[in-house]
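These numbers come from a predicted model, not from an experiment. Quick note on labels: first sequence line is chain A, next is B, and so on, each numbered from 1.
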Amino acid sequence: MKKGLVIAAALALAPTFVAAESFQEAFEMNRAMYGNDHVFDWNGGKYHTNHEEELEARVQATKTNAEDLLAKANAKNKEVAELGFEWKLTGGILKDAQAAIDEGDYQKALDLAAQAKYHARIGIDQYHYAQKNWHLSVPQ
Amino acid sequence: MRKLTTSLCAAGLMAMFTTAPAVADNHADQIALGKAVYMGKSRGNCISCHAIDDPDANLAGNQGPPTVAMKTRYPDKRKLRAQIWDATKNNPLTIMPPLGKHWILSEEEIDAVVEYIYQF
Amino acid sequence: MKIIKTFALGLTVAAASQMTFAADSGFDLKTVDPEADRIALQNYFKARFPESEISDYVNGIYAVDAGSREQWEELEEFPPYEFDVEKGEELFNTPFANGKGYADCFENGGIGIRHKFPYWSKEEGTVKTLEQEINECREDNGEKPLKWGKGEIAQVSAYMAWTSRDKVFDVQIPADDKRALAAYLDGKKFFYAKRGQLNLSCANCHVQGTNIRIRADLPSPQLGHVSHFPVFRSKWGALGTLHRRYSGCHKDSRSKPLKPQTETFRNLEYFQTYMSNGLIANGPGARK
């Protein structure tokens with residue numbers, strides 16, 4: 001319906017815009033409006049609004065699973081640190097996750113590791129965005 | 001929670017009377033949480049940029065527009081939620097942090113702030 | 001409707017970025033033009049605060065906000081940094097164990113040279129700051145380096161700034177060494193890029209957000225930022241260096257802050273001081 005028209009218009013105006021709304025845009029808009037655990041339609045399919053890290057935390061709360069996710073989160077944070085875009089609180093969250101493992105609270109550890117990993121991933125996105133767009137705020 | 005309320009309603013009129021205040025309390029709790037997030041420096045700290053007509057608000061900043069006429073400005077509450085979740089969507093240069101996208105607040109805290117400010 | 005809006009926004013952003021890249025405004029090594037940047041920044045603040053004199057920007061927020069200026073002038077009547085300048089002079093004139101002193105490490109015996117920092121060192125291929133050379137002077141003479149943020153290093157720097165008051169900043173970017181321009185561009189990019197969990201650039205507060213309240217605080221204009229350092233900050237209750245402030249600001253964006261005197265911060269100082277070319281050195285200063 002309308003969507004088809006828009007896509008046609010997009011193709012006519014700017015050949016580089018293939019879809020009017022990318023999956024990423026649809027995901028963010030739905031997450032922004034409805035929060036997590038919401039189901040939305042996109043290009044004929046059904047999708048949910050959970051971050052990949054939130055799903056990674058929805059495993060059996062065992063020591064092994066918690067340690068695995070924490071290791072992934074640590075690696076991701078190292079990656080963003082190398083780009084110079086590490087966030088202030090992530091290191092502390094990672095430490096708290098380790099402490100939760102030591103105390104045997106594996107679900108808490110999974111949730112914290114998921115948040116830290118998400119922070120690191122978005123920090124990496126932020127770095128790439130900055131490389132392309134930092135100039136937009138320079139007075140001309 | 002909604003399921004719980006429904007079953008209680010089905011249980012009888014007395015149960016419904018006792019449930020109604022419980023629901024109101026929930027909403028009051030949510031608004032109290034929203035207010036704490038709005039005012040809290042290490043939480044939302046909305047007050048640092050947005051004035052609000054709440055007697056407990058002092059030394060509000062003015063980097064952003066005041067929190068007034070929210071129902072008029074955002075007839076669709078979901079749009080207001082989205083603006084809090086990521087204000088850079090509408091203005092990439094904004095000083096307003098993407099409170100949801102950067103997981104500064106939890107989704108529950110964002111819902112609570114929406115409920116709190118929607119009163120103003 | 002939503003889709004149309006998103007699409008339109010996407011198109012606008014795409015068009016805007018194409019335009020800015022085409023406009024030759026200095027965002028890469030080929031086109032970067034420090035002098036054009038400096039003038040553009042002055043014009044920006046002239047338009048924002050037509051009442052303020054450019055030369056007054058060395059006084060930070062007090063150049064644009066009459067309300068807080070009065071309190072500040074009272075504060076300056078009995079400058080809180082006076083003791084530090086005296087202590088700095090004493091430290092400056094106390095010989096090292098080998099009999100030499102700071103005066104032996106600097107041009108003109110270290111007097112009246114603050115405004116010549118930072119500068120580009122072709123030999124070392126990096127930006128050199130005053131505090132960096134204070135510590136190099138110590139190490140060259142067998143003394144331990146001082147901590148970067150506060151205390152003695154800030155006091156020595158304050159004394160050296162004091163002897164340089166009213167001298168005009170004239171930071172050079174040597175044309176025969178492309179690395180100098182690259183360092184400037186790196187500092188400029190750091191200043192304007194959004195970072196940290198709060199997604200803030202320096203410019204968010206110190207260009208577009210200047211003199212607009214964040215709680216009870218008024219962010220200062222970036223023009224004139226470096227002129228009055230080291231600074232006695234009431235919040236610290238003590239004197240501190242420019243890079244201590246940089247670390248604090250960086251942290252305020254909820255980034256893991258860089259350490260003082262890292263290359264990035266020295267490049268930032270290079271960029272910021274170039275922006276203040278033509279203004280006078282008036283350190284040490286006092287700020288809220």
Are the side chain of His38(A) and the backbone N or O of Thr49(A) linked by a donor-acceptor pair below 3.5 Å? no
Within residues 74-89 of chain A, residues adjacent to chain C where the heavy-atom gap is under 4.5 Å: Gly84(A), Phe85(A), Glu86(A), Trp87(A), Lys88(A), Leu89(A)
Which of residues 108-129 of chain A have a heavy atom under 4.5 Å from any heavy atom of chain C? His119(A), Gln126(A)
Under 3.5 Å, is there a donor on one side chain and an acceptor on the other for [X] and [Y]?
X: Tyr270(C); Y: Arg266(C); value: no
X: Glu67(A); Y: Tyr106(A); value: no
X: Ser255(C); Y: Ser253(C); value: yes

Under 4.5 Å to a heavy atom of chain A? For Tyr44(C) that would be side chain
Decide yes or no on side chain to side chain donor-acceptor pair (under 3.5 Å) for Asn267(C) and Thr264(C), but give the supporting numbers first. CA-CA 5 Å; Asn267(C) 290 346; Thr264(C) 302; 5.7 Å; no
Flag the pair Phe45(C) / Tyr57(C) as yes when their ring centroid distance falls below 6.0 Å, and as no otherwise. yes
Less than 4.5 Å apart, any side-chain heavy atom of Lys189(C) and any of Gln131(A)? yes
So Phe265(C) and Phe190(C), do their side chains get closer than 4.5 Å, heavy atoms only? yes
Taking the six-membered ring of Tyr184(C) (Phe, Tyr or Trp), confirm whether the NZ or CZ of Arg179(C) is under 6.0 Å from its centre and within 45° of its axis. no
Between chain A and each of Asn204(C), Leu198(C), Ile39(C), Asn199(C), count heavy-atom pairs under 4.5 Å; write down the option with the most. Asn199(C)
Charged N-O contact under 4.0 Å between Asp37(A) and Arg58(A): yes
